[in-house]
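Here the structure comes first, spelled out in C-alpha cells, and everything after it is commentary.
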Amino acid sequence: MNRLDKYLATAGVGTRSEVKKLIRDGHIKVNGETAKKADMKVDEEHDIVTFDDEEVYYSEFVYFMLNKPAGYISASSGWDPNVIDLIGEPYRNLFPVGRLDKDTEGLLLITNDGQLGHELLAPKKHVEKEYYVEIDIPLTEENIEKIESGITWKEETYKPAKYKKISDNSFTLVITEGKYHEIKRMMLALGSKVTYLKRLRMKNLVLDETLRPGEYRPLTDEEVEDLRAV
Ligand code: URA
C-alpha cells in the first residue's frame, strides 16, 4: 500500500506538490472514482489509478536479495515453484537477475529494473559471481591449474576462474560468465561431480548470511549504488 501522491510522483506524473494539485483539481481517479485526498492509500498491485482517464503505471524500481532455496526455479512465472512466488511484495514485473539451477542455493537478485538486470548479465561486463562448491572427488593440482587457465569440454569453453581451497572436497570459485550449468560442467570435465552449490556474491553484492533459505530482504541504497557502479 502506498499514499496516492507518492504513487503518482513515483510513477513520474509530477512532483509531490504537482500531483497534489492534480488530485485537488479532480484529474485523478482510483478504480473509476475521482480521488479527493492525496493521502488515500492505494494498492499498487490491484488498484487502477488514472490521470485524465489514462492509466498510470507504478514504476518504482525495487531490489531484493533472496537466499534461494533448493527446489525453486529461477523464473518469473509459468514454472512451479518459482523464485518470484517467494517474494511477497505487491510489484509487477519482478524477475530474477540470472539463473541458478533448481538445486542451487544462495544469492539471487530480484528486481523490476530491467536496465540494471541487463547490464549485470551482459557477457562483456564480466560481472564476478562467487560460489561455494562441494564435490565428490577432490581435485588434483593439475585440475586446479585447468580451472585457473580455462577449460574446454564438449565444444564449450569456460573462462579462467579463481579457485580458493577450503577443504579437500570444498572450495570457492569466482567465475565471470554465466553459461548453462557452468560450474557443474567444469567439474564434470575434471572428473568430479558437484554435490552442493551455493552462490555467495554477485559483483559487490554479498549474500546476507542472516537470511535463511527462502528469506529475502530489500537491498540497502548503498548496495544498489554499488551494483550500478561500472
Ligand atoms: N553453475 C552451475 O552449474 N549451476 C548454477 O546454478 C550456477 C552456476
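As the structure lists them, so they are numbered: ligands from 1, and atoms in each ligand from 1. Worth knowing before you read on, the calculation uses all heavy atoms, side chains too, and leaves out hydrogens, waters and symmetry mates.
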Using distance alone, decide if ligand 1 has a nitrogen or oxygen within less than 3.5 Å of any nitrogen or oxygen in Leu100. no
Should you measure from each heavy atom of Tyr131, which atoms of ligand 1 turn up under 4.0 Å away? 7 (C), 8 (C)
Let me see the working for Glu128 and Lys162 under salt bridge (charged side-chain N to carboxylate O under 4.0 Å, His left out), right down to the final yes or no. CA-CA 10 Å; Glu128 285 194 348; Lys162 284 184 215 148; 2.9 Å; yes
Atom 1 (N) of ligand 1 - nearest protein heavy atom and its distance: Ile183 N, 3.1 Å
Any heavy atom of Tyr180 closer to ligand 1 than 4.0 angstrom? no
Distance-only donor-acceptor check, side chains Tyr132 and Glu134, under 3.5 Å: yes
Contact (N/O only, under 3.5 Å) between Arg185 and ligand 1: no
Answer yes or no: does atom CG of Asp221 have more than 12 heavy-atom neighbours from other residues, nucleotides or ligands under 6.0 Å? no
Near Thr104, which atoms of ligand 1 are under 4.0 Å from a heavy atom of that residue? 4 (N), 5 (C), 6 (O)
How about Arg185: does its CZ atom have over 12 heavy atoms from other parts shown lying under 6.0 Å from it? yes
For the 3.5 Å polar cut-off, considering only N or O atoms, please tell me whether Arg99 and ligand 1 meet it. no
Indicate yes or no: does Glu105 engage Lys198 in a salt bridge with an N to O separation below 4.0 Å. no
Quick one: look at Ile175 and ligand 1, take heavy-atom pairs under 4.0 Å, and tell me if it's side chain, backbone, both or neither. neither
State, yes or no, whether a side-chain contact exists between Asp43 and Tyr7 at a heavy-atom distance under 4.5 Å. no
Taking the side chain as every heavy atom from C-beta outward, state whether Ile135 and Tyr196 have any pair of such atoms under 4.5 Å apart. no
Would Asp101 count as a polar contact of ligand 1, with the cut-off being nitrogen or oxygen pairs under 3.5 Å? yes
